[in-house]
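Worksheet: the structure to be examined is printed underneath.
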Amino acid sequence: MRQAGTYSGIRFGGGNGAHSLPLARIKKIMKRCGSGDEVKMISGDAPVVFAKACELFIKELTQKSWTLTLQGKRRILHKDDVASAVVATDVFDFLVGLVSDGDDYDHHAQNLVPKERETVLEE
């Protein structure tokens, strides 16, 4: 039995209250994404940690996207802002393939893209 309050720093709303993301769904994804049938049992605390990680990820990506929205002098966050934030931020490089179906995403983030990330093709 674990000590009460062990994960109080990452609990949403404290105790066994409501979580911001559905833990049963996270657990189902964790089981499905395991290679083969290796993941059979998942402790009750693991989905809580994943839920917090997802919350922090969403928060960070939203903040970067909102910055681009404000730079464009708009008040509505569009998918292009999210895509531009992904392209402009090295931490989100693993998502570039998901948002790079068009080359128009880079136009919002041109001021945020570091010079070393820009590639010039010479013939």
- Salt bridge check: are Asp81 and Arg74 linked by an N-O gap of less than 4.0 Å? yes
Residues pairing under ring pair (Phe, Tyr, Trp, His ring centres under 6.0 Å) where one sits in residues 53-77, two or more places apart or in two chains, turn out to be Phe57-Phe92
Scanning both residues in full, the closest heavy-atom pair of Gly44 with Val48 reads O-CG2, 3.8 Å
Nearest heavy-atom contact between Ser43 and Pro47 is O-CD, 3.1 Å
Value for NZ (Lys27) from CZ (Arg25), rounded to nearest 0.5 Å, stands at 14.5 Å
### Heavy-atom side-chain contact between Val99 and Val82 under 4.5 Å
no
| query | Yes or no on salt bridge (charged side-chain N to carboxylate O under 4.0 Å, His left out) for Glu60 and Lys64, after CA distance, side-chain angles and deciding distance? | reply | CA-CA 6 Å; Glu60 181 70 19; Lys64 301 270 186 196; 3.6 Å; yes
One should read off an interatomic distance between Leu23 CG and Met30 CE, to the nearest 0.5 angstrom, of 10.5 Å
Between Leu77 and the options Leu68, Thr69, Leu70, the side chain to side chain contact (heavy atoms under 4.5 Å, CB included) test singles out Thr69
In terms of heavy-atom contacts, Thr62 and Ile58 come closest through OG1-O, 2.6 Å
So CZ of Phe50 and CD1 of Ile29: to nearest 0.5 Å the spacing works out to 10.5 Å
Of all heavy-atom pairs linking Ile26 and Leu21, the shortest is CD1-CB, 4.0 Å
Checklist entry - Are Leu56 and Val91 joined in one hydrophobic group, where the rule is that I, L, V, M, F, W and Y side chains link up if heavy atoms are under 4.5 Å apart? => result no
Pairwise side-chain contact, His78 with Ile76, heavy-atom cut-off 4.5 Å (strictly under)
yes
